[in-house]
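Quick notes on the structure that follows.
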Amino acid sequence: MPRPLCATIHLDSMQHNLARARACAPQSKAWAVVKANAYGHGLERGMKGFVLADGLALIETENALRLRELGWIKPILLLEGIFDASDVPLLAEHNINSTVHCLEQIRMLEYTQLYRPIDVHLKMNTGMNRLGFRPDEYAAAYKRLRAIPGVRNITHMTHFANADELEHPRLTISEQVRRFRAGVEGLAGERSLSNSAGVLHQEVLAQELQNDWVRPGIMLYGGTPGGGRTAHDFGLRPTMTLSSEIIAIQQLEAGDTVGYGSRFEASGPMQVGVVACGYADGYPRHAPHGTPVIVDGVRTSVVGRVSMDMMTVDLTPIPNARVGSKVTLWGDGLPIDEVAAASGTIGYELMCALAPRVRVNEGRMGTHG
Ligand SMILES: *Cc1c(COP(=O)(O)O)cnc(C)c1O
């Protein structure tokens, strides 16, 4: 028997969430973002779940090539572009679109003979200050890129710092859109602005965010980018259910403690269940007492410190729990955002950190375990 811990990937929910993204941005084409192993879901499953996307966007050049091997024939976009001049021929050979965010990357394209034209996304830094040309340098970068014979379509791109918070006190989306518009003034080409947060606010921002491409990531995996509203509020479904079983039960008396550091002390007689899942599986070690978990369909909470291969949960609300009782760590019935918030992080980090040793299968919601 394998260890009972398992991540079930819900391809039907991935399709549903992509349809939600399209409904939010009906005029736009959609890049489904599958970086970081499709946010921990597996690259091939990302490809299957988002087969109806207009393209797949990611960071890792080797995974772009892998997508071609897996048979993906629609566009692919490298969100950070290439890392070395030796990558340029790959773009032409495998028809991969590249982001261009700095002069070094323009030079790499200038110095390498392209035997087939490529499409690029030119990135503007509208206030995020990670990648891209500043609005006042942008037209010059565009002209230099335009002069390269192998470069075909140039799409204008920027990335929002605070799309989850419409009225951010330091930098609003509207201000970033204003800078973007000023920077691209008079330049031909399609436009790509919104990540999930931008997509989820398209209804509110429709006028400002009219653009040709959107780049949703986290929303396609049933998570939210933050900002207070839940995945359920946005009509998004969980795409990953992490489930396991109780492998031991301990009867505690008043004064008994649990686990490393003896952080939890029972105030009276109680039962705790030991769950086959720990931080070496990707469960957050910092999940404090009270982090939600579901046992046999009943919500309860983590007690004591999460250890490498195990964690302990309060069985008080589930008096009939036994060895073999089903446990949901996140996903179906327990939004990953809730577990993340309790642990002081975001759903993105939990999904991406799913460890290689966790068994993964595919199934609809309600079919895992
Ligand atoms: C990761 C990424 C996205 C997707 O972001 P989400 O918040 O997951 O929707 C979009 N655009 C770029 C450039 C990215 O790197």
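Both counts, for ligands and for their atoms, begin at 1 and track the order of listing. In this text the structure is predicted, and so the values were computed from the model without any measurement.
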Residues Thr300 and Asp314: side-chain donor-acceptor under 3.5 angstrom: no

Shared-cluster residues of Phe264, by chain and number - hydrophobic side chains joined below 4.5 Å: Leu252, Val258, Met270, Val272, Val303

Residue part near ligand 1, for Arg215, under 4.0 Å between non-hydrogen atoms: both

Which of the ligand 1 atoms, numbered from 1, are nearer than 4.0 Å to a heavy atom of Lys35: 1 (C), 2 (C), 3 (C), 14 (C), 15 (O)

Salt-bridge criterion met for Asp281 and Arg3 (N-O under 4.0 Å): yes

Which residue and heavy atom of the protein sit nearest atom 8 (O) of ligand 1, plus the separation: Tyr39 OH, 2.5 Å

For atom 9 (O) of ligand 1, the protein heavy atom that lies nearest, with its residue and separation: Ser196 OG, 2.5 Å

Interfacing atoms of ligand 1 (cut-off 4.0 Å, heavy-atom, Asn195): 5 (O), 9 (O), 10 (C)

Pro225 and ligand 1 - part of the residue with a heavy-atom distance under 4.0 Å: neither

Leu220 versus Thr239, closest heavy-atom pair with distance: O-CG2, 3.4 Å

N or O pair under 3.5 Å between Ile218 and ligand 1: yes

Cluster check Val51, Trp213: I/L/V/M/F/W/Y, side chain < 4.5 angstrom: yes

Contact partition for Leu79 relative to ligand 1, non-hydrogen atoms under 4.0 Å: side chain

Nearest non-hydrogen protein atom, atom 7 (O) of ligand 1: Tyr348 OH, 2.6 Å

Polar contact flag for Gly217 and ligand 1 (N/O pairs, less than 3.5 Å): yes

Identity and distance of the protein heavy atom lying nearest atom 12 (C) of ligand 1: His159 CE1, 3.4 Å

salt_bridge(Arg191, Asp212) N-O dist < 4.0 Å: no

Listed pairs under 3.5 Å, donor-acceptor, residues 100-109 side chains, sequence neighbours left out:
{"from": "His101", "atom 1": "NE2", "to": "Glu80", "atom 2": "O", "distance (Å)": "3.4"}
{"from": "His101", "atom 1": "NE2", "to": "Gln105", "atom 2": "NE2", "distance (Å)": "3.4"}
{"from": "Gln105", "atom 1": "OE1", "to": "His101", "atom 2": "N", "distance (Å)": "2.7"}
{"from": "Gln105", "atom 1": "NE2", "to": "Glu80", "atom 2": "O", "distance (Å)": "3.0"}
{"from": "Gln105", "atom 1": "NE2", "to": "Ile82", "atom 2": "O", "distance (Å)": "2.9"}

Sub-4.0 Å heavy-atom contact, Trp31 with ligand 1: no

Side chain to side chain donor-acceptor pair (under 3.5 Å) between His159 and Arg215, worked out: CA-CA 10 Å; His159 194 61; Arg215 307 184 307 271; 3.1 Å; yes

